[in-house]
Participant: 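My questions will all concern the structure given below.
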Number of protein chains: 2
Amino acid sequence: MGATKTAYFTNDQNSIAMIAKALGHPARIAIINYLLKVDACICGDIVNELPLAQPTVSQHLKELKNAGLIKGEIEGNSICYCINNEAIAELQNYIAKMTIQLENKKNNCC
Amino acid sequence: MGATKTAYFTNDQNSIAMIAKALGHPARIAIINYLLKVDACICGDIVNELPLAQPTVSQHLKELKNAGLIKGEIEGNSICYCINNEAIAELQNYIAKMTIQLENKKNNCC
DNA sequence: AAACTATATCGTAATATTGCAATCATAAAA
DNA sequence: TTTTATGATTGCAATATTACGATATAGTTT
């Protein structure tokens, strides 16, 4: 008890849930928004952008990385993070499917 | 410490994060998928569909409801849940914006 | 090499989530 | 009215997340 029963669900369900979960924190949304806004993926200053301490930001970056939403590349002293289009595409694809299904049934209820 | 610093972020960031968070569990993805698949939004059998106990499913439904992703309507003895298109639209809109921004910068890095 | 910079990791406290058995609330059926 | 069915709520244990100070690691600069 307490732990998510991952094994009980399909790969697809777990995969989408993992991506969504990674986006399920305002700090991580803020990080993604920042990476989208900044022209090059200059990083590190993410810490300056966010109202959180450096270790906390580092931890959020790690979670985004684990979920495949961002990639990091060592660049001399610092590290360059940027968005991984594939994960975004997977989520977009899922949402798009949902929307199509929703349109096909319109106002069946509620 | 331990609690998310919601107040430090914008409404938009919190709003999207809330929706994403609600989708951040395979059981809740499974519920959404089921609601999309079933023609009418006959419910209750959600419990039968999922490998989880009734109180657990009820809790997941509550979270989806809190996040505005589903609506529930009392129907005699049972309750009829269905998807709330607006929340889905909000998420889709956000992802679409992301995609546009991503296309505008292509391979700047990483 | 020593100092500095940037970022990750460790340890830990506070809080949140997940899951379920037991129980409650309400409506339908008998 | 008693029973039955459906779904929510309560209480609790196990685990996960969030946040950060302190520290470690690795590259850069002096």
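Proteins get letters first, then strands, A, B, ... in listed order; numbering begins at 1 in each.
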Participant: Which residue, K5(A) or E75(B), contacts DNA chain C at a nucleotide closer to its 5' end, judged by nearest heavy atom?
Facilitator: K5(A)
Participant: For I74(A) and for A53(A), locate the closest nucleotide of DNA chain D by heavy-atom distance; then report the residue assigned to the nucleotide nearer the 5' terminus.
Facilitator: A53(A)
Participant: Describe, in one word, how the ring planes of H25(B) and F9(A) are oriented to each other, choosing from parallel (under 30°), tilted (30 to 60°) and perpendicular (over 60°).
Facilitator: perpendicular
Participant: Where along nucleotides 3-9 of chain C does protein come under 4.0 Å, by heavy atom, of base (B) or sugar-phosphate alone (S), with - for untouched nucleotides?
Facilitator: --BSBBB
Participant: Check each residue of residues 18-33 of chain A for a non-hydrogen atom within less than 4.0 Å of any atom in DNA chain D, then write out the ones that pass by number, or none.
Facilitator: K21(A), H25(A), R28(A)
Participant: Grab the two heavy atoms, one from L50(A) and one from A27(A), that are nearest each other, plus how far apart they are.
Facilitator: CD1-O, 4.0 Å
Participant: Can you check whether G68(B)'s main-chain N or O pairs, donor with acceptor, with N84(B)'s side chain at less than 3.5 Å?
Facilitator: yes
Participant: Would you mind reading off the distance between N66(A) atom CG and dT18(D) atom P, rounded to a whole angstrom?
Facilitator: 12 Å
Participant: Under 4.0 Å, counting only non-hydrogen atoms across every strand here, what does L52(B) touch: a base, just sugar-phosphate, or nothing?
Facilitator: sugar-phosphate
Participant: For the side chain of R28(B) and the backbone of A22(B), is there at least one donor-acceptor N/O pair under 3.5 Å apart?
Facilitator: yes
Participant: Hydrogens and angles aside, do Y94(A) and N33(B) bring a side-chain donor and acceptor to less than 3.5 Å of each other?
Facilitator: yes
Participant: Kindly give the heavy-atom pair with the smallest separation between Q101(B) and K37(A), and that separation in Å.
Facilitator: OE1-N, 4.1 Å
Participant: Do any N or O atoms from the side chain of T99(A) and from the backbone of I95(A) form a donor-acceptor pair under 3.5 angstrom?
Facilitator: yes
Participant: Starting from M18(A), can I reach I19(B) by hopping between I/L/V/M/F/W/Y residues whose side chains sit under 4.5 Å apart?
Facilitator: no
